[in-house]
Amino acid sequence: MLYRRLGKSGLQLSALSFGAWVTFGKQVGRTQARELLALAHDRGVNFFDNAEIYNHGVAEQVMGDVLADLRFPRDSYCVSSKVFFGAVDKPLPTQRGLSRKHVMEACTQALQRLRVDYLDLYFCHRADADTPIEETVAAMDTLIRQGKVLYWGTSEWPAEAIHEAHRIARENHLYAPVMEQPEYNLLHRERVEVEYAPLYEAYGMGTTIWSPLASGLLSGKYNDGVPADSRLTQPGYEWLRESALSKERIGKVRALQPVADELGTSLAQLAIAWCLLNPHVSTVMLGASRREQLEQNLDALELLPRLDASIAQRIQQVVEAG
Ligand code: NDP
């Protein structure tokens, strides 16, 4: 495994990490989750990502039960949660958002579900137009001083709001966000590469990037239709199917396949290794609904040294033209 610093912080995360969205508590029960987490940890993965909203708290319960059962030393891995959307169906105004009340209560609940004493990383899952940023920054600072959270960050906040959070933290001697959690993959690059560019320099922020395969699309599995047991057939994720599948996106995926063939690798491995060419990516968060996927995706690291500038340029041309 390769380890990278989370921005300028001293925390070193595995370059490939593992998340629970859609899968844990829906496609994947406790037995399979145990197998996946054991495999990941065995291969050097030290960061497991979760959120209050994932299957309405069930994903955290499954992960917590399995982590307790596996008895990994607590100092051998990091676990995260994210607050904003709420953990219940149809949340009341106090059960969602980034108010001090919900941030504090959501953290307590995540700790209980995950069965840990502290969260290594805690994210504000989106920006909250109904809460002053001052209130959220202060709540996160409180959690860190209470020892319930080690590092806090944002997920998909506009760069402007992140600048504001840093200004507030600096002026009030509060802990500032250390990392962002944005989507980043061959089909979705703008925010990480352009909008956030000033943040890395100004604050040394790291990124824990999500959907490296664009929900599986970049494995090529959707090129000829939607397989029956895949993510895009899951009830409740119709919205994802709408946004993920388009002729243009499938066209780009098809055009990338020859590059993977020439390298003798799978398209999924190429897409994952490509994310790591960006030095501002601290960790690529993988998703997997079965063991073979996770094994294949973890092997993407072996491809990384072979992705030289000329191949990177070729990939770029294919994606821009496709
Ligand atoms: P991916 O884009 O890699 O999608 C993962 C899914 O793709 C798997 O569950 C599986 O779906 C399919 N897949 C994975 N590997 C392969 C393979 N080798 N061949 C074929 N199919 C494959 O990542 P995620 O979208 O899951 O994102 C990763 C993590 O990021 C999440 O688990 C979550 O922790 C986090 N995240 C954060 C968000 C945020 O807003 N902060 C939003 C979304 C995710 P299947 O088998 O069902 O088809």
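Remember, it's 1-based here, ligands and their atoms both numbered in the order they're listed. All values derive from a computational prediction rather than experimental measurement. Values below: all heavy atoms of this structure, side chains included; hydrogens, waters and symmetry mates excluded.
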If you count heavy atoms of other groups shown closer than 6.0 angstrom to CG of Asp117, is the number above 12? no
Hey, is Lys221 touching ligand 1 through its side chain, its backbone, both or neither, going by heavy atoms under 4.0 Å? side chain
Does the side chain of Ser211 come under 3.5 Å of the side chain of Glu183 through a donor N or O and an acceptor N or O? no
Between Glu156 and ligand 1, does any nitrogen or oxygen pair lie at a separation below 3.5 Å? no
What is the ring orientation for Tyr196 with Tyr200, classed by angle as parallel under 30°, tilted 30 to 60°, or perpendicular over 60°? perpendicular
Side chain, backbone, both or neither: which part of Phe84 comes within less than 4.0 Å of ligand 1 when only heavy atoms are counted? neither
Salt bridge Arg291-Glu35, side-chain N to carboxylate O under 4.0 Å: yes
Could you tell me which atoms of ligand 1, counted from 1 in the order shown, lie closer than 4.0 angstrom to a heavy atom of Gly19? 32 (O), 34 (O)
For atom 14 (C) of ligand 1, what's the nearest protein heavy-atom neighbour? Residue, atom name and distance, please. Gly287 O, 3.4 Å
Do the side chains of Leu240 and Leu286 join up, straight or via other hydrophobic residues, at under 4.5 Å, putting them in one cluster? yes
At the 4.0 Å heavy-atom cut-off, does His125 count as touching ligand 1? yes
Between ligand 1 and Ser230, is the shortest N or O to N or O distance under 3.5 Å? no
Check if Gln234 has a non-hydrogen atom at a distance under 4.0 Å from any atom of ligand 1. no
Please identify which atoms of ligand 1 are closer than 4.0 Å to at least one heavy atom of Ala288. 8 (C), 9 (O)
Where on Ser219 is there a heavy atom closer than 4.0 Å to ligand 1, on the side chain, on the backbone, on both, or on neither? side chain
Decide whether Phe47 and Val178 are clustered together by the hydrophobic rule: side chain heavy atoms of Ile, Leu, Val, Met, Phe, Trp, Tyr closer than 4.5 Å, transitively. yes
In sequence, state the C-alpha distance, the side-chain angles, and the governing distance for Ser17 and Thr283, and then conclude on side-chain hydrogen bond (donor to acceptor under 3.5 Å, both in side chains). CA-CA 6 Å; Ser17 46; Thr283 183; 2.8 Å; yes
Please check if Leu11 and Phe72 belong to a single hydrophobic cluster, counting links between Ile, Leu, Val, Met, Phe, Trp and Tyr side chain heavy atoms closer than 4.5 Å. no
Within-cut-off N or O pair, Asp49 and ligand 1, under 3.5 Å: yes
Tell me if a side-chain donor or acceptor on Trp274 pairs with a main-chain N or O of Asn185 at a distance below 3.5 Å. no
Per-atom contacts of ligand 1 with Gly216, taking only distances under 4.0 Å to non-hydrogen atoms: 2 (O), 4 (O), 7 (O), 12 (C)
Can you tell which part of Ala214 has a heavy atom less than 4.0 Å from ligand 1: side chain, backbone, both or neither? backbone
Using heavy-atom distances, let me know which of Arg126, Lys26, Met285 sits nearest atom 29 (C) of ligand 1. Met285
Using heavy atoms and a threshold below 4.0 Å, how should the contact between Asn185 and ligand 1 be classified: side chain, backbone, both, or neither? neither
Run down the list Trp210, Phe24, Phe85 and name the one with the heavy atom closest to atom 42 (C) of ligand 1. Trp210
Check whether any N or O atom of Ala20, backbone or side chain, sits under 3.5 Å from an N or O atom of ligand 1, and answer yes or no. yes
Is it possible for you to say whether Tyr151 and Val116 belong to one hydrophobic cluster, with membership spreading through side-chain heavy-atom contacts below 4.5 Å? no
Purely on distance, is any nitrogen or oxygen of Leu286 under 3.5 Å from one on ligand 1? no
Please check whether Ser211 reaches ligand 1 - meaning an N/O of the residue sits under 3.5 Å from an N/O of the ligand, judged on distance alone. yes
Counting non-hydrogen protein atoms only, what is the nearest one to atom 15 (N) of ligand 1? Give residue, atom name and distance. Asn297 ND2, 2.8 Å
Going through the checks in order, is the side-chain hydrogen bond (donor to acceptor under 3.5 Å, both in side chains) test met by Glu105 and Gln109? CA-CA 6 Å; Glu105 289 173 347; Gln109 291 161 10; 5.2 Å; no
Counting only heavy atoms not in Glu238 (residues, nucleotides, ligands), do more than 12 fall under 6.0 Å from its CD? yes
Who's the nearest protein heavy-atom neighbour of atom 46 (O) of ligand 1, and how far? Ser289 OG, 2.6 Å
Output the list of atoms in ligand 1 that are nearer than 4.0 Å to some heavy atom of Tyr222, sorted by atom number. 48 (O)
Below 4.0 Å from any atom of ligand 1, is there a heavy atom belonging to Tyr54? yes
Quick one: which ligand 1 atoms are inside 4.0 Å of a heavy atom on Gln27? 47 (O)
Checking the side chain of Arg113 only, and the main-chain atoms of Val58 only, is there a donor and an acceptor separated by less than 3.5 Å? no
Measure from atom 10 (C) of ligand 1 to every heavy atom in Gln293, Gln296, Glu180 and give the option owning the shortest one. Gln293
Does the separation of the ring centres of Phe84 and His102 fall below 6.0 angstrom? no
The closest protein heavy-atom partner of atom 6 (C) of ligand 1 is Arg231 NH2, 3.6 Å
Checking a contact table here: which protein heavy atom is nearest atom 31 (C) of ligand 1, and how many Å away? Trp21 CB, 3.5 Å
Give the cluster check for Ile311 versus Leu187: same hydrophobic cluster or not, with ILVMFWY residues linked at side-chain heavy-atom distances below 4.5 Å. yes
Which ligand 1 atoms does Thr23 reach within 4.0 Å, using its non-hydrogen atoms? 9 (O)
Using distance alone, determine whether Ser155 and ligand 1 share an N or O pair under 3.5 Å. yes
Decide salt bridge (charged side-chain N to carboxylate O under 4.0 Å, His left out) for Arg43 and Glu295; before the verdict, give the C-alpha distance in whole Å, the side-chain angles of both, and the deciding distance to 0.1 Å. CA-CA 9 Å; Arg43 294 280 302 265; Glu295 277 172 344; over 6 Å; no
Does Lys82 reach ligand 1 with a nitrogen or oxygen that is under 3.5 Å from one of the ligand's nitrogen or oxygen atoms? no
Using a 3.5 Å distance criterion without hydrogens, assess whether the side chain of His166 forms a donor-acceptor pair with backbone atoms of Pro177. yes
Sub-3.5 Å N/O-N/O distance, Ala268 and ligand 1: no
Does the pair Ser99 and Glu135 meet the rule for a side-chain hydrogen bond (donor to acceptor under 3.5 Å, both in side chains), with working shown? CA-CA 7 Å; Ser99 66; Glu135 183 173 334; 4.8 Å; no
At under 4.0 Å between heavy atoms, which part of Phe18 makes contact with ligand 1: side chain, backbone, both or neither? neither
Nearest-neighbour protein heavy atom for atom 2 (O) of ligand 1, which is reported as residue plus atom name and distance: Ser215 N, 2.8 Å
Show, in sequence, the C-alpha distance, side-chain angles and deciding distance for Asp69 and Arg30, and conclude whether the salt bridge (charged side-chain N to carboxylate O under 4.0 Å, His left out) test is met. CA-CA 10 Å; Asp69 184 43; Arg30 278 173 180 66; over 6 Å; no
